[in-house]
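These notes are about the structure you will find just below.
Residue numbers begin at 1 in each chain, while the letters A, B, ... track the order of the sequences. Computed from a predicted model, the values in this text were never measured in an experiment.
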Amino acid sequence: MPELPEVQAVAERLRAAAPWARITGFGRFRSTTMTGGRHAVGRRIEAVDRRGKNLILRLSGGWFARVHLKMTGDLRVLPDARLRPQTVRAWFALDDGRAVVLDDPRALGRISLHPEQEEQELFRHLGPEPLGPEFTAAALLASARRTARPAKLWLMDQATVAGLGNIYAAEALFEARIDPRRPAAQLSRQRIERLHSAILRVLNSALASVRAAYERPGAFTEGEFYPVAVYGREGRPCPRCGAAVRRIPQGGRSTYYCPKCQK
DNA sequence: AGTCACCTGATT
DNA sequence: AATCAGGTGACT
């Protein structure tokens, strides 16, 4: 599921479940799924934030839970902790009977508990929030000049900008008409400006789609909730020029792009 | 800078 | 049986 827009929607949906009761216990699928769970017991959730693709559950008494959904995770509230699907890999039981659960068929998602002083260190490797004030074309240009990597791999690096993944990196490059294989350091200032605004457009429009889908149960399982131009569309016509969309391996995963209009 | 391990399930 | 999957950190 989750790149930045999906993680943001998860955060917003969780916020709607406030006010929170106290955490009375926790459970986990394996010891690696959640670490430090005991530090959450007796505390209350005070806020839900997002940093890149991470969720932060701020707890009373100066602690927080960092949740990473990885490939297939979802974090939500169930009305009854005892009625949890098999794919729930970790949960916090609340004293009103509800539970906050990490539902993750693939079991790659992780939760860890930390004192608030550790937050800076924990997220030190993350670049600017793309929808925040620090993400400017100038900052993106400076980052591009410091790397030898192809544009797509550079964009997916969480140190470049926090929250883009395989889908939205490909979509932003399509939108900006940039070949994903082109070394980032070669991109002109004008192209970087185009890319910067493409990232904002793609993420904002995905966010609108994801929010709409969340208000309609089942929308995610129906497949297309975001109108992708190239991702997963190998061989289908480019919506801009009609040429066949191509799929190439980059960094061990698939990149989709239009060979005719991305230069 | 590139590859692999972590996991499970869907698809070919 | 093999390959692929919206992620990332730990290895060569």
Side-chain angles (χ1 to χ4, degrees), chain A residues 1-11 28-35 50-55 66-75 85-90 102-112 114 121-127 130 143-144 146-175 180-185 199 202-203 205-207 209-211 213-214 219-235 245-257:
Chain A
M1 218 177 48
E3 296 182 35
L4 185 148
E6 294 81 10
V7 178
Q8 178 65 29
V10 166
R28 61 193 188 179
F29 170 61
R30 292 156 74 169
S31 60
T32 49
T33 308
M34 174 155 56
T35 57
R50 179 192 56 74
R51 179 75 174 95
K53 297 172 195 166
N54 297 273
L55 288 160
R66 175 252 196 131
V67 181
H68 201 298
L69 304 175
K70 294 288 178 82
M71 304 278 272
T72 52
D74 184 24
L75 193 70
Q86 279 252 300
T87 46
V88 165
R89 307 302 188 178
L102 172 62
D103 191 352
D104 184 3
R106 222 169 140 180
L108 293 172
R110 296 286 182 265
I111 301 179
S112 55
H114 308 268
E121 168 65 19
L122 195 59
F123 299 122
R124 208 177 37 158
H125 65 291
L126 295 180
S143 165
R146 283 186 260 113
T147 185
R149 316 175 78 191
K152 163 80 164 4
L153 296 181
W154 162 70
L155 263 194
M156 283 183 65
D157 186 340
Q158 300 301 292
T160 304
V161 49
L164 287 185
N166 206 29
I167 295 180
Y168 300 122
E171 293 295 313
L173 288 167
F174 170 77
E175 189 68 25
R181 299 165 299 179
R182 177 177 289 274
I199 290 168
V202 165
L203 289 180
S205 111
L207 201 42
S209 300
V210 175
R211 282 175 178 143
Y214 263 24
F220 279 105
T221 51
E222 285 162 21
E224 294 274 295
F225 59 90
Y226 174 73
V228 288
V230 289
Y231 180 82
R233 296 175 55 86
E234 182 181 19
V245 169
R246 184 174 294 171
R247 174 165 76 111
I248 55 164
Q250 269 191 312
R253 9 239 326 252
S254 292
T255 294
Y256 298 86
Y257 72 107

Examine C:dT8: is either OP1 or OP2 under 4.0 Å from a nitrogen or oxygen in the side chain of A:H68? Give yes or no. yes
With respect to the side chain of A:E6, which nucleotide from C:dG9, C:dG6, C:dT8 is positioned closest? C:dG6
Pairwise distance CG(A:L69) to CZ(A:R106) - rounded to 0.5 angstrom: 13.5 Å
Within-4.5 Å side-chain heavy-atom neighbours: A:Y257 and A:L173: no
Rounding to 0.5 Å, atoms CZ (A:R181) and CD1 (A:I248) come to a distance of 5.5 Å
Looking at every strand, decide which applies to A:S254 at a 4.0 Å heavy-atom threshold: base, sugar-phosphate, or nothing. sugar-phosphate
Approximate separation, where rounding is to 0.5 Å, of A:T32 OG1 and A:I111 CD1: 11.5 Å
Is any side-chain N or O of A:R253 closer than 4.0 Å to OP1 or OP2 of C:dG7? yes
Matching residue for A:N166 among A:E3, A:K152, A:E171 - test: side-chain hydrogen bond (donor to acceptor under 3.5 Å, both in side chains): A:K152
Between A:K70 and B:dC7, does any side-chain N or O lie under 4.0 Å from OP1 or OP2? no
Any side-chain heavy-atom pair of A:P85 and A:D103 under 4.5 Å: yes
Given the C1' atoms of B:dA10 and C:dT8, what is the spacing between them in whole Å? 22 Å
If the C1' atom of B:dG9 is compared with that of C:dG9, how far apart are they to the nearest Å? 23 Å
Please determine whether any donor N or O and acceptor N or O are separated by less than 3.5 Å between the side chain of A:E3 and the base of C:dG7. no
Within this structure, what is the CD-to-P distance between A:E121 and C:dG9, rounded to whole angstrom? 12 Å
Rounded to the nearest angstrom, tell me the gap between atom CG in A:L108 and atom C1' in C:dA10. 15 Å
A:R110 CZ to C:dT8 C1', in whole Å, measures 11 Å
Can you tell me the base-pairing partner of C:dG6? Count Watson-Crick or G-U wobble geometry only, both distances below 3.5 Å, and say none if there is no partner. none
Find the distance A:R51:CZ to C:dT8:P and express it as a whole number of Å. 13 Å
Phosphate oxygens OP1/OP2 of C:dG6: is one of them under 4.0 Å from a side-chain N or O of A:R106? no
In whole angstrom, what separates A:R181's CZ from B:dA1's P? 19 Å
Of A:R247 and A:H125, the one whose nearest nucleotide on DNA chain C sits closer to the 5' end is A:R247
Rounded distance in Å - CE (A:M71) to C1' (C:dG9): 14 Å
Would you kindly give the CG-to-C1' distance between A:L126 and C:dT8, to the nearest whole Å? 11 Å
Would you mind reading off the distance between A:D74 atom CG and B:dC7 atom P, rounded to a whole angstrom? 20 Å
Inter-nucleotide P distance (B:dC7, C:dA1), Å rounded: 22 Å
Using atom P in both nucleotides, what's the gap between C:dA5 and B:dA1 to the nearest angstrom? 23 Å
Within residues 148-167 of chain A, those residues having any heavy atom closer than 4.0 Å to DNA chain C are A:Q158, A:G165, A:N166, A:I167
So how far is it from A:R246 CZ to A:T255 OG1, rounded to the nearest 0.5 Å? 12.5 Å
Regarding A:Y168 and A:E6, is there a side-chain donor-to-acceptor distance under 3.5 Å anywhere? yes
Between B:dT12 and C:dG6 - P atom distance, rounded Å: 15 Å
